[in-house]
Amino acid sequence: MSLLNKEIDDFEGIAYHQNQFKKITKKDLLGKWNLFFFYPADFTFVCPTELEDLQEKYQEFKEVNCEIYAISTDTHFVHKMWHDMSDSISKIEYPMLSDCKHQLVYDFDVFDEEEGLAQRGSFIIDPDGIIVVYEVNSSGVGRNADELLRRLHACQFVYEHGDNVCPAKWKLGEKTIQTTIENIGK
């Protein structure tokens, strides 16, 4: 079953954010765009490269009203320790959300039962709490923050201009396609 256009379920978790532990719920997501960025575990190989890549684009996400949540099944205490010990992770300014109870990994269908870890799932959630884009990568394949930001821009454009759609490789400011009968198949 596809998760596309699914409203996210209520949840509660603890995040390590700005040197504090903070409770995060579905209510905190509503009214803005969100990127749920599931990754297998702290203190691994590919994960820190992805989180650092997202950090490099974090201000651009914030400028378009999007919060990033890095999510693994590690506890919020482990997130803090990783943040304190790693040069690349110490730069992270967005919330690192713990899903040690496995509520989110099951709701978003990214739990690897065999490994007991989250898969590499990326979910763009609109201000109404609806999943509008998602992708799950193999554990050895890292993601690209530039592409996630491009997809976010496209989702935001379509959300605001429902009669226009974004073609392949569309970037913010480029021409879109108006959904009229004259433009079908061109």
Side-chain angles (χ1 to χ4, degrees), residues 3-44 46-86 88-112 115-137 143 145 148-149 151-152 155-156 159:
L3 296 175
L4 198 59
N5 297 316
K6 175 190 180 294
E7 182 176 354
I8 63 169
D9 294 334
D10 288 330
F11 72 92
E12 183 177 302
I14 304 294
Y16 178 68
H17 185 223
Q18 299 175 342
N19 296 314
Q20 297 179 46
F21 295 130
K22 297 180 179 179
K23 183 171 74 169
I24 306 293
T25 67
K26 177 181 176 179
K27 184 178 176 183
D28 296 309
L29 277 57
L30 300 177
K32 65 177 185 256
W33 290 84
N34 297 277
L35 171 63
F36 271 24
F37 195 82
F38 291 91
Y39 63 96
D42 296 354
F43 297 100
T44 55
V46 176
C47 300
T49 66
E50 293 184 306
L51 272 63
E52 186 174 26
D53 185 39
L54 274 175
Q55 178 57 44
E56 291 171 6
K57 293 289 181 188
Y58 185 49
Q59 288 309 313
E60 291 179 59
F61 279 88
K62 293 294 286 181
E63 287 170 9
V64 292
N65 196 31
C66 181
E67 184 60 87
I68 295 171
Y69 293 92
I71 307 168
S72 79
T73 56
D74 296 292
T75 68
H76 52 288
F77 299 112
V78 176
H79 289 337
K80 181 192 183 316
M81 182 181 289
W82 194 27
H83 193 275
D84 292 348
M85 295 178 70
S86 168
S88 57
I89 300 305
S90 68
K91 300 172 190 173
I92 304 300
E93 297 174 22
Y94 50 82
M96 297 176 71
L97 183 57
S98 169
D99 189 30
C100 60
K101 295 179 183 177
H102 300 170
Q103 182 182 13
L104 292 170
V105 291
Y106 279 119
D107 287 346
F108 284 78
D109 198 24
V110 291
F111 189 62
D112 183 332
E115 297 294 323
L117 301 170
Q119 297 171 326
R120 291 188 196 289
S122 308
F123 295 80
I124 297 175
I125 303 165
D126 77 12
D128 302 317
I130 306 297
I131 298 170
V132 293
V133 166
Y134 75 98
E135 172 180 60
V136 181
N137 291 19
R143 294 158 283 182
L148 289 168
L149 184 60
R151 288 180 185 177
L152 172 65
C155 289
Q156 290 177 327
Y159 184 84

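Note that these values count all heavy atoms, side chains included, but never hydrogens, waters or copies made by symmetry. Nothing here was measured: the structure is a model prediction, and the numbers come from that model.
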* Asked: Hey, is the main chain of Ile8 close enough, under 3.5 Å, to the side chain of Lys26 for a donor-acceptor pair?
  -> yes
* Asked: Taking C-beta and beyond as the side chain, do His79 and Ser72 meet within less than 4.5 Å on heavy atoms?
  -> yes
* Do Tyr16 and Trp82 have their ring centres less than 6.0 Å from each other? -> no
* What pair of heavy atoms forms the shortest contact from Glu60 to Leu149, and how long is it? -> OE1-CD2, 3.3 Å
* From CZ (Phe108) to CD (Gln119), nearest 0.5 Å -> 14.0 Å
* With a 4.0 Å cut-off, would you call Lys62 and Glu93 a salt bridge? -> no
* To do: Side-chain contact test, heavy atoms from C-beta onward, threshold under 4.5 Å: evaluate it for Phe11 versus Asp99 and give yes or no.
  => no
* **Atom pair CH2/SG of Trp33 and Cys66 - distance to nearest 0.5 Å** => 8.5 Å
* Asked: Do Asp84 and Lys80 sit within salt-bridge range, that is, some charged N less than 4.0 Å from a carboxylate O?
  -> yes
* Distance, nearest 0.5 Å, that separates NE2 of His17 from NE2 of His83 -> 9.0 Å
* Between Glu135 and Arg143, is there a salt bridge with N-O shorter than 4.0 Å? -> no
* Check the surroundings of atom NZ in Lys27: do more than 12 heavy atoms from other residues, nucleotides or ligands lie under 6.0 Å from it? => no
* To do: Without swapping roles, check the side chain of Asp107 against the backbone of Asp9 for a donor-acceptor pair under 3.5 Å.
  => no
* Please indicate whether Lys22 has more than 12 foreign heavy atoms, meaning atoms of other residues, nucleotides or ligands, lying under 6.0 Å from its NZ. => yes
* Would you sort out whether Tyr58 and Ile92 count as a side chain to side chain contact (heavy atoms under 4.5 Å, CB included), showing the intermediate values? => CA-CA 9 Å; Tyr58 185 49; Ile92 304 300; over 6 Å; no
* Any donor and acceptor pair, going by atom type alone, linking the side chain of Asp128 with main-chain N or O of Ile130 inside 3.5 Å? -> no
* **Donor-acceptor contact present, side-chain Tyr94 to main-chain Leu51, <3.5 Å** => yes
* Any chance you could measure Phe37, atom CZ, to Asp53, atom CG, to the nearest 0.5 Å? => 7.5 Å
* To do: Could you check Glu52 against Lys91 for salt bridge (Lys or Arg N to Asp or Glu O under 4.0 Å), going step by step and ending with a plain yes or no?
  => CA-CA 7 Å; Glu52 186 174 26; Lys91 300 172 190 173; 2.7 Å; yes
* To do: Begin from the C-alpha positions of Leu29 and Ile24 and carry the test side chain to side chain contact (heavy atoms under 4.5 Å, CB included) through to its verdict.
  => CA-CA 8 Å; Leu29 277 57; Ile24 306 293; 4.2 Å; yes
* Donor-acceptor pair, side chain of Tyr134 and main chain of Leu3, under 3.5 angstrom -> yes
* Asked: At what distance, to the nearest 0.5 angstrom, does CG of Asp74 lie from CZ of Phe43?
  -> 8.5 Å
* To do: Return yes if some donor-acceptor pair links the side-chain N/O of Glu7 with the main-chain N/O of Gly129 below 3.5 Å, else return no.
  => no
* Working for side chain to side chain contact (heavy atoms under 4.5 Å, CB included), residues Val110 and Ile71 -> CA-CA 11 Å; Val110 291; Ile71 307 168; over 6 Å; no
